[in-house]
Amino acid sequence: MVHPSNHSATPSDFIRRIVSADLAETGGRAVTRFPPEPNGYLHIGHAKSMCLNFGVAGETGGLCRLRFDDTNPLKESREFAEAIRDDVRWLGFGWEGEPRHASDYFEEMYGYAHGLIRSGSAYVDSQSAEEIRNTRGTLTRPGKESPWRNRRAEESVDLFARMRSGEFPDGAHVLRARIDMASGNLNLRDPVLYRIRHATHPHTGDAWCIYPTYDFAQVLSDAIEGVTHSLCTLEFEDHRPLYDWILDHTRPPARPRQIEFSRLNLEHTVMSKRRLAQLVEEGHVDGWSDPRMPTLRGMRRRGYPPAAIRDFCERVGITRKASRTEMGLLERCVRDELDRSAPRAMAVLRPLRLVIDNYPEGVIEELDARNHPRDPGAGARKVPFGRELLIEREDFMAEPVPGFRRLAPGREVRLRYGYIVRCESFETDPGTGAVSVVRCTCDPATRGGRAPDGRKVRGTIHWVSADRAEPAVLRLYDRLFGVPEPSGPEDLNQGSLEVVEDARIEPSLAAARPGERFQFERLGYFCRDEDLGFNRTVTLRDGWAGRRGG
Ligand code: ATP
Ligand code: MG
């Protein structure tokens, strides 16, 4: 659980300033909530909302609840609700009390709706969904009043009760607020408050066959729970007049203050659950937890530390400006966190045999390797070294291009934690012509990589022991979409996943547990997956920044 950082006297964004001013005036405490709909898995946009809601409550000594906005039984499930709880905890947040559900308040909401009908502020409309849609009007043209709008209150009360008792099929009637069909705000043109849905609800089972709409349920749930500040994204700004109308006409015990902020959008990905669900359903990705997905599940499997995601949300900040954030910022946060916390290890992606001709056969030396260059507390480990090693294919060039600082005929290179070796010759595969073995000699006086005579060795490369290394599958990722503002699956980056089947890892990595993260020297940060593979979390440097321009 995240402990509220000691956010100083000056609140860092406009919402925190408003909340502080409100609390100074009322002397009360802030009550916020995170209200996901259990119709999919949480994504990084939700993380922004959580960091804000749990953050504001934590910093001001208030409380934040987790409440499932479960008003649409057709799309929601327990599986999603369970996963959401798990993801909220994983991100480092704990909620006040038991998770709540909008459906916990269905009886109270029904009472409020009943009150609206009796006072003439709501009516049962018997038009079809299509008729209602067609008479709503447009931004420039007013809507048309329903023929049932002036139905007597007693008749509506009776129909509403019979809707509840299951007498009518789906779509036969709806309950609508009686506001203004000519309003410039479409949300105020007699919005639907209840609809009939004969469906089993994941939380209330078959207790109800009428369900409140999102707007009616959301504002009343907040009011019933005594939420002081309903923090939501900008698209609900236009709904605020409706929420005010509902609060004015139902008079619940508390009146939350709604403040809108801009949603998080990330380049090269999509964010809405609907579009993420499409990627899953059409098989473009391997489920919601595919490491390329912007879901918290995906990021977890990819190896993103929760602290990095929180750091990212803080750096993005809270404003009212619509924007799209570069993926590079998120990756920077991930790198910063992993540079601090991930132990180092060696793996070779595309192995090339290196034989040290003057090294005794059958001898394996255990060399000391520090787990972290700047953190002695991270300890050290032994890495086996011998006559036959595997190095990265691209660390050798038979005919080195200018600027190449690694191994080439006649050149020296330092083997990380090992010796300085000199390439004497190489062999090629007679079939393909590809280099198959690099033959070297090693200078025994350079154990640990130091040259006692102070001679200059320009390159240092990583390696593993040919005899002792373990095989491993490494998965490398690129942007899920090839363009910054994707419109659909047609913009998917076909090269977003590269599976390297025959990599080799140092033996200490064989014991890595799923979820453990490492820096594979020079290759990037990797996270052990549930299978024996490792997923590349992020490269060591931002390789994308250069590519963006051209
Ligand atoms: P989606 O469009 O992905 O389905 P949603 O808003 O329908 O998102 P909810 O489950 O209703 O998803 O969202 C729960 C909370 O998370 C809401 O308060 C919502 O405003 C917030 N939220 C969702 N997406 C973002 C985002 N991209 N940036 C910030 N907050 C978000
Ligand atoms: Mg929603």
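Every number for a ligand or one of its atoms is a count from 1 in the order of the listing. Residue numbers start at 1 and run along the sequence shown.
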Heavy-atom pairs closer than 4.0 Å: do any link ligand 1 to the side chain of Phe236, the backbone, both, or neither?
neither
Checking Ser126 against His173: is there a side-chain donor and acceptor pair closer than 3.5 Å?
yes
Side-chain donor-acceptor contact under 3.5 Å, Ser128 with Glu130
no
Is any N or O atom of Ser262, backbone or side chain, closer than 3.5 Å to an N or O atom of ligand 1?
no
Establish, from distance only, whether the side-chain atoms of Arg292 and Ser496 form a donor-acceptor pair under 3.5 Å.
yes
Polar side chain donor-acceptor pair, Tyr214 to Asn72, under 3.5 angstrom:
no
Which of the atoms of ligand 1 are close to Pro36, meaning less than 4.0 Å from one of its heavy atoms?
10 (O), 14 (C)
Would Leu264 count as a polar contact of ligand 1, with the cut-off being nitrogen or oxygen pairs under 3.5 Å?
yes
Please test Ser487 against Asp491 for side-chain hydrogen bond (donor to acceptor under 3.5 Å, both in side chains), starting from the C-alpha separation and ending with a verdict.
CA-CA 7 Å; Ser487 38; Asp491 290 327; 3.0 Å; yes
Geometric N/O contact Arg33 with ligand 1, under 3.5 angstrom:
no
Polar proximity ligand 1 side, Asn39 side, N/O cut 3.5 Å exclusive
no
When you compare ligand 1 with Asp69, is there at least one nitrogen or oxygen pair between them that comes in under 3.5 angstrom?
no
For ligand 1, which is the ligand I care about here, please tell me if Cys232 has any N or O atom under 3.5 Å from one of the ligand's N or O atoms.
no
Ligand 1 atoms in contact with Phe34 (distance to a heavy atom under 4.0 Å):
15 (C), 16 (O)
Filter on salt bridge (charged side-chain N to carboxylate O under 4.0 Å, His left out), then keep only pairs touching residues 162-179, sequence neighbours left out; what's left?
Glu107-Arg164, Asp125-Arg176, Asp158-Arg162, Arg162-Glu167
Find all atoms of ligand 1 within a distance of less than 4.0 Å from any non-hydrogen atom belonging to His43, and give their numbers and elements.
3 (O), 24 (N)
Quiz question: by atom type and distance under 3.5 Å, do the side chains of Asp215 and His239 form a donor-acceptor pair?
yes
May I ask you to list the atoms of ligand 1 that are less than 4.0 angstrom from any heavy atom of Pro35?
14 (C), 18 (O)
Under the ring pair (Phe, Tyr, Trp, His ring centres under 6.0 Å) rule, what pairs show up with a residue in residues 275-304, not counting sequence neighbours?
Tyr41-Trp288
Is there a donor-acceptor contact under 3.5 Å linking the side chains of Asp529 and Asn535?
yes
With the threshold set at under 4.0 angstrom, would you say Arg274 reaches ligand 1 through any of its heavy atoms?
no
Candidates Gln218, Arg263, Glu37, Met271; heavy atom nearest atom 8 (O) of ligand 1 found on Arg263
N/O of His46 under 3.5 Å from N/O of ligand 1, yes or no?
yes
